[in-house]
Amino acid sequence: MSKRTKIAAIISSEKANYEATVKGWVRTFRNNQFIALNDGSTNNNLQCVVDFQNTDEAVLKRITTGAALSLVGEIIPSQGKGQKYEMKVSTIEILGDSDAEKYPLQPKKHSLEFLREIAHLRFRTNTFGAVNRVRNTLAYAIHEYFQQQGFVYLHTPIITASDAEGAGQMFSVSVLDKINPPKNEDGTINYKEDFFGRSTNLTVSGQLEAELGAMALSEVYTFGPTFRAENSNTTRHLAEFWMIEPEVAFNDLHDNMDLAEGLLKFCIQQALSKNADDLEFLNQRLAEEENQKPTAERSELGLLQRLNFCVENDFVRLTYTEAIDILKDSNHNKKKKFQYLIEGWGVDLQSEHERYLVEKHFKKPVILTDYPKDIKAFYMRQNDDGKTVRAMDILFPGIGEIVGGSQREERLELLENRMDEMHIPKEEMYWYLDTRRFGTCPHAGFGLGFERLVLFVTGMGNIRDVIPFPRFPKSAEF
RNA sequence: UCCUGCUUAGCUCAGUUGGUUAGAGCAUCUGACUGUUAAUCAGAGGGUCUCUGGUUCAAGUCCAGAAGCAGGAGCCA
């Protein structure tokens with residue numbers, strides 16, 4: 001059996017007039033003669049021309065949408081318009097039939113909602129092929145960025161016992177009998193008899209463990225699955241998603257912002273250079289989708305423009321307090337166009353406020369810092385003003401919060417006070433507090449939601465379409 | 001979880017004030033054509049109108065409940 005050549009290699013090469021073997025799936029079969037074959041290496045199909053007059057009719061009938069084929073033939077310059085090269089097929093082997101009457105993917109446009117119902121087959125569409133190739137580039141870029149800077153990739157646990165972070169509802173992990181679990185005298189479930197001898201959950205964040213690593217290895221990052229049992233039904237939330245969490249000893253909030261901004265720019269840059277074809281396709285897809293909308297709702301920049309704009313411009317950095325002033329003085333607020341009007345300092349910003357800052361006021365990514373301590377987590381470093389903490393959120397157009405991070409509170413006494421105030425059990429967190437007892441030092445880190453990055457770079461509208469098998473309330477099929 | 005809207009053929013949708021046999025385009029199948037690019041032309045098949053209950057002589061159409069989907073909000077990454 002001759003070795004197969006990938007379609008991406010054939011199309012991008014300047015070579016012609018040579019024999020090749022290609023294997024892939026039929027996208028369309030036109031005119032009993034032209035097979036558009038795709039093997040996933042690129043969004044482009046290879047046009048394979050069959051000599052239908054000298055081919056067994058039974059074989060021709062089996063060339064249907066979705067069928068897997070192995071084709072041998074000569075690669076020649078195409079006679080038709082629309083492609084540079086094509087294959088003059090000499091041998092057809094049907095590897096796998098696809099019953100055209102039952103195959104759900106048709107050679108036509110499908111709605112994303114319909115494709116979500118057949119997520120096991122949607123990889124075979126142009127859109128999902130492109131999205132998943134871009135996703136792959138971004139995942140690799142994450143590692144590249146940190147590895148180049150000498151970070152250690154740290155594997156933090158998926159199953160955790162700590163439930164003190166307040167990062168959200170957790171999925172419990174248990175092997176106890178669901179009908180008749182062992183009970184304590186007060187009627188509560190006795191987790192001492194469970195697998196781990198205590199109550200355990202799926203992780204909601206690897207941050208606390210990453211901090212432990214950073215306090216010895218200096219620079220670490222995690223990149224793994226994260227779980228939230230929140231009943232969130234939005235285009236930006238998943239119950240299972242991938243998160244990147246770097247943690248760096250001796251970094252302050254400014255270093256932290258530089259690290260995050262650099263990471264985002266590097267990843268986008270990598271996608272632009274490695275997935276030019278896919279992004280061109282997604283750019284087109286988004287443009288067509290935007291055209292369906294009323295003019296007022298269309299975004300000013302196309303996908304590629306938006307990505308380039310992000311790479312080329314510095315993100316705007318300002319404090320929460322400055323942001324509140326801008327919002328309070330905005331015409332939008334004065335004309336009462338916000339659903340939640342900005343009246344004073346201290347409240348959390350709503351999505352509409354974040355969107356206003358990013359999409360209307362600055363028109364570029366924004367990093368907000370120094371939030372009121374009452375609306376942020378216990379581990380964030382307290383500022384001298386007694387009101388704010390060294391937090392940072394990076395806001396992206398169309399996505400909202402893509403990164404959330406902070407400089408951590410390294411002073412034991414202040415950290416303990418904050419934990420007391422927020423009713424976080426210090427005893428259970430002795431291991432975390434030990435880092436502050438023995439050789440504590442300033443350090444900072446952040447969490448980047450991987451799917452939100454993919455969402456932004458691909459221009460897709462729903463986070464359920466940028467992860468192969470989305471997990472969300474009422475849905476864990478496939 | 002809350003608010004709003006939607007659910008009719010494989011897909012995308014139309015369906016009038018409740019009234020005969022529920023339509024179109026695409027897809028599929030059959031035939032024709034054969035350098036096509038969402039091929040074209042002719043013909044055919046294809047429906048538990050999301051589900052449950054109710055109102056009515058009569059319900060795709062009206063009412064109630066449930067489920068799913070979409071958009072927005074909250075939670076956040």
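In the text below, chain A, chain B and the rest are named by the order of the sequence lines, each starting its count at 1.
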Has the side chain of A:Asn233 got a donor or acceptor atom sitting under 3.5 Å from an opposite partner on the base of B:U1? yes
Do the side chain of A:His237 and the base of B:C76 come within less than 3.5 angstrom through a donor-acceptor pair of N or O atoms? yes
By nearest-heavy-atom nucleotide on RNA chain B, the more 5' of A:Thr28 and A:Phe52 is A:Phe52
Could you tell me how far apart A:Leu105 (CG) and B:A27 (P) are, to the nearest whole angstrom? 15 Å
What is the distance from CG of A:Asp348 to P of B:G74, rounded to the nearest Å? 9 Å
Whole-Å distance separating the CE atom of A:Met380 from the P atom of B:C76: 10 Å
Should the pair A:Lys15 and A:Tyr18 be classed as cation-pi, given the thresholds of under 6.0 Å to the six-membered ring centre and 45° from the axis? yes
Base of B:C76, side chain of A:Ser232 - is there a donor-acceptor contact under 3.5 Å? no
A:Lys474 side chain, from C-beta outward: closest of B:G68, B:G72, B:C75: B:G68
Residue A:Lys108, side-chain heavy atoms: nucleotide from B:U28, B:A27, B:A77 that is nearest: B:A27
When the C1' atoms of B:C13 and B:U17 are compared, how many Å lie between them, rounded to an integer? 23 Å
Nearest-angstrom distance from the residue atom CD1 of A:Ile463 to P of B:C76: 16 Å
Is a donor-acceptor pair below 3.5 Å formed from side chain A:Arg452 to base B:C76, judging by atom type as modelled? yes
Does the base of B:U34 carry an N or O that pairs as donor and acceptor with the side chain of A:Gln53 under 3.5 Å? no
Whole-Å P distance, B:G10 and B:A22: 16 Å
Of the nucleotides B:C69, B:G35, B:A73, which one has an atom closest to the side chain of A:Asn31? B:G35
5′-ward residue of the pair A:Val403/A:Thr235 relative to RNA chain B: A:Thr235
If pairing means Watson-Crick or G-U wobble with both distances under 3.5 Å, then the partner of B:C29 is B:G43
Quick one: label A:Ile402 by what it contacts on the DNA or RNA (base, sugar-phosphate, nothing), any heavy atom closer than 4.0 Å. sugar-phosphate
Suppose we call a contact any N or O donor and acceptor under 3.5 Å apart; does that hold for the side chain of A:Arg228 and the base of B:A77? yes
Among A:Leu238, A:Ile463, A:Val403, A:Val457, which residue satisfies the side chain to side chain contact (heavy atoms under 4.5 Å, CB included) criterion with A:Arg452? A:Ile463
Member of A:Gln207, A:Arg408, A:Glu409, A:Arg418 meeting the side chain to side chain donor-acceptor pair (under 3.5 Å) criterion with A:Tyr379: A:Gln207
Nearest-Å distance, CD (A:Gln106) to P (B:A39)? 12 Å
Measuring only the P atom in each nucleotide, how far is B:U12 from B:G71? A whole number of Å is fine. 15 Å
Whole angstrom value for the distance that separates C1' of B:G74 from CD of A:Gln169: 14 Å
A:Phe114 side-chain proximity, nearest of B:C11, B:C29, B:U37: B:C11
Can you tell me whether the side chain of A:Glu86 and the base of B:G35 have a donor-acceptor pair closer than 3.5 Å? yes
For B:G68 and B:C26, measure between their C1' atoms and round to the nearest Å. 25 Å
Report the distance from atom CD of A:Glu288 to atom C1' of B:A38, rounded to the nearest whole Å. 12 Å
Between A:Asn45 and A:Asn38, do the side chains contain an N or O donor and an N or O acceptor separated by less than 3.5 Å? yes
Within the 4.0 Å heavy-atom criterion, would you say A:Glu117 contacts the bases, only the backbone, or no part of the nucleic acid? nothing
What closest approach, in Å, do A:Glu219 and A:Gln149 show between heavy atoms, and which atom pair accounts for it? OE1-O, 4.3 Å
Is there a Watson-Crick or G-U wobble partner for B:U20 with both distances under 3.5 Å, and which nucleotide is it? none
In whole angstrom, give the distance that lies between atom CD of A:Glu57 and atom P of B:G31. 8 Å
Do A:Gln47 and B:U36 have a side chain to base donor-acceptor pair shorter than 3.5 Å? yes
Establish, with yes or no, whether the OP1 or OP2 oxygen of B:U37 is under 4.0 angstrom from a side-chain nitrogen or oxygen of A:Gln83. no
When the C1' atoms of B:G53 and B:A14 are compared, how many Å lie between them, rounded to an integer? 29 Å
Do A:Lys328 and A:Trp345 form a cation-pi contact, if we require the NZ or CZ to be under 6.0 Å from the six-membered ring centre and within 45 degrees of the ring's axis? no
Measuring to OP1 and OP2 of B:G35, would you say a side-chain N or O of A:Ser78 lies under 4.0 angstrom away? no
Is there a side-chain polar atom (N or O) of A:Arg30 under 4.0 Å from OP1 or OP2 of B:U36? no
Once rounded to the nearest 0.5 Å, what's the spacing between atom OG of A:Ser70 and atom CD1 of A:Ile92? 10.5 Å
Within the pair A:Arg27 and B:U36, is there a side-chain N or O less than 4.0 Å away from OP1 or OP2? no
Between A:Asp314 and A:Lys265, is there a salt bridge with N-O shorter than 4.0 Å? yes
What integer number of Å spans the P atoms of B:C49 and B:G23? 14 Å
Watson-Crick or G-U counterpart of B:U37, or none if no pair lies under 3.5 Å: none
Looking at A:Phe309, I'd like to know if the NZ or CZ of A:Lys363 sits under 6.0 Å from its six-membered ring centre while staying within 45 degrees of the ring's axis. no
Distance, C1' atom - from B:A59 to B:G25, rounded to whole angstrom: 28 Å
Nearest to side-chain heavy atoms of A:Glu401, which nucleotide of B:A77, B:A73, B:U34: B:A77
Working for side chain to side chain donor-acceptor pair (under 3.5 Å), residues A:Gln83 and A:Ser78: CA-CA 6 Å; A:Gln83 61 278 318; A:Ser78 178; 3.0 Å; yes
Indicate whether OP1 or OP2 belonging to B:G71 is found under 4.0 Å from a side-chain N or O atom of A:Asn462. yes
Pairing partner of B:A9 (Watson-Crick or G-U wobble, both distances under 3.5 Å): none
Mind checking if A:Gly447 touches a base, just sugar-phosphate, or nothing, with heavy atoms under 4.0 Å? sugar-phosphate
Is the base of B:A77 stacked against the aromatic ring of A:Phe241, taking ring centres under 5.5 Å apart and planes under 30° as the test? yes
On a whole-Å scale, what distance lies between the P atoms belonging to B:G47 and B:U8? 15 Å
Counting only Watson-Crick pairs (N1-N3 plus N6-O4 or O6-N4) and G-U wobbles (N1-O2, O6-N3), all under 3.5 Å, who is the partner of B:A58? none
Out of B:U34, B:U12, B:U30, which has the shortest distance to the side chain of A:Ser111? B:U12
Which base, if any, makes a Watson-Crick or G-U wobble pair with B:G71, both distances under 3.5 Å? B:C3
